[in-house]
Amino acid sequence: MKMKDVGNAMEEKNEALEAALNELHRYVLNLVEKAGESTEYGEQLWQGISQSGGLLQELAYYHDFGSFLSKYQVAGYTLSDALIWQVDHFKLYMDRHQDMNRYRQERLLLSAFETLLQMEKDPRTLAEKMRVETGQDIQPGM
């Protein structure tokens, strides 16, 4: 293969990667809008996801297939674990009118990504909360 051909192939791959990242960025902002969150929140979330190879892969998989890859883990927890924890946790608030996640699947999805981003920075604190805060009146070990 000639050097010119290698250069063209690399340029095409870079363009395809840039297009894919732009699509995922738009996807996050669309989810944010559907969740009723601000564009600023969406941009901050995107920055975090785009800087995390594991979460970026999870987002791409969710975008393409509508389900979690659940390959990436932080402190032993996946996006699926974070989503389940949040659903259980928010069940406590189902009777409250101000519950922001009650009927918003997009908000729960974004919250799962946000939880893993927070866990990347401080895995111990959130892992402990996920272990202890079950969303039930009965705590583990009782």
Side-chain angles (χ1 to χ4, degrees), residues 1 3 5-142:
M1 184 178 269
M3 288 303 289
D5 294 337
V6 170
N8 287 340
M10 288 183 68
E11 186 175 325
E12 287 175 16
K13 285 183 181 182
N14 287 339
E15 288 173 4
L17 178 59
E18 187 70 29
L21 288 172
N22 287 335
E23 173 62 28
L24 290 175
H25 184 200
R26 285 190 301 272
Y27 182 66
V28 167
L29 293 180
N30 185 32
L31 289 170
V32 165
E33 182 179 332
K34 287 180 179 180
E37 296 293 331
S38 71
T39 302
E40 181 180 294
Y41 166 80
E43 291 295 345
Q44 289 175 344
L45 185 61
W46 170 249
Q47 287 303 312
I49 292 171
S50 66
Q51 293 174 12
S52 169
L55 287 177
L56 191 58
Q57 183 181 22
E58 292 286 342
L59 178 65
Y61 189 88
Y62 190 87
H63 173 272
D64 291 348
F65 300 103
S67 63
F68 292 129
L69 178 61
S70 291
K71 180 179 175 183
Y72 181 64
Q73 294 184 12
V74 179
Y77 291 97
T78 66
L79 276 171
S80 299
D81 297 322
L83 183 70
I84 290 167
W85 172 67
Q86 290 191 8
V87 168
D88 284 347
H89 198 262
F90 292 128
K91 281 180 186 176
L92 293 174
Y93 302 102
M94 288 301 280
D95 293 331
R96 296 183 184 176
H97 296 290
Q98 68 270 26
D99 177 33
M100 68 178 196
N101 292 313
R102 187 172 185 178
Y103 299 110
R104 298 200 333 234
Q105 177 182 352
E106 293 86 3
R107 182 66 188 115
L108 286 170
L109 175 63
L110 294 170
S111 292
F113 276 96
E114 190 174 3
T115 296
L116 254 62
L117 280 171
Q118 290 173 2
M119 286 182 79
E120 286 180 341
K121 294 176 186 169
D122 183 11
R124 259 190 243 156
T125 301
L126 276 171
E128 181 65 15
K129 280 186 172 191
M130 289 175 73
R131 189 183 67 74
V132 174
E133 295 177 6
T134 63
Q136 300 173 4
D137 292 337
I138 300 172
Q139 295 300 315
M142 296 182 100

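Just so we're clear, the structure is a prediction, and the values are computed from it rather than from any experiment.
Atoms CD and CG, from Q105 and L83 in turn, are 8.5 Å apart once rounded to the nearest 0.5 Å. One distance of note links OG of S50 with CD of E43; it measures 9.5 Å at 0.5 Å rounding. With rounding to the nearest 0.5 Å, the separation of OG in S38 from CG in L45 is 10.5 Å.
Contact between P123 and V74 at its shortest, heavy atoms only, is CB-CG1, 4.3 Å. The two residues L31 and L109 make their nearest non-hydrogen contact at CD1-CD2, 3.8 Å.
Considering only heavy atoms from C-beta on, V32 comes within 4.5 Å of V28 through its side chain.
For E33, the CD atom sits in a loose shell: 12 or fewer heavy atoms of surrounding residues, nucleotides or ligands are nearer than 6.0 Å.
Under the ring pair (Phe, Tyr, Trp, His ring centres under 6.0 Å) criterion, the residue pairs touching residues 31-59 are H25-W46, with sequence neighbours excluded.
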Enumerate donor-acceptor pairs with a distance under 3.5 Å from any side-chain N or O in residues 15-23 to protein atoms, sequence neighbours excluded.
from: N22; atom 1: ND2; to: E18; atom 2: O; distance (Å): 3.3
from: E23; atom 1: OE1; to: R26; atom 2: NH2; distance (Å): 2.9
from: E23; atom 1: OE2; to: H63; atom 2: NE2; distance (Å): 3.1

Please list, one pair per line, the donor and acceptor atoms closer than 3.5 Å that link side chains of residues 51-62 to other protein atoms, with sequence neighbours excluded.
from: S52; atom 1: OG; to: L55; atom 2: N; distance (Å): 3.3
from: S52; atom 1: OG; to: E120; atom 2: OE2; distance (Å): 2.6
from: E58; atom 1: OE1; to: L69; atom 2: N; distance (Å): 3.2
from: E58; atom 1: OE1; to: S70; atom 2: N; distance (Å): 3.0
from: E58; atom 1: OE2; to: S70; atom 2: N; distance (Å): 3.3
from: E58; atom 1: OE2; to: K71; atom 2: N; distance (Å): 2.8
from: E58; atom 1: OE2; to: Y72; atom 2: N; distance (Å): 2.9

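Applying the salt bridge (Lys or Arg N to Asp or Glu O under 4.0 Å) rule to E114 yields the partners R107; only residues at least two apart in sequence or on another chain are considered. Judged as a side chain to side chain contact (heavy atoms under 4.5 Å, CB included), and not counting sequence neighbours, the contacts of A82 are A112, T115, L116, M130. Taking D122 as the reference, T125 meet the side chain to side chain donor-acceptor pair (under 3.5 Å) condition, with sequence neighbours excluded.
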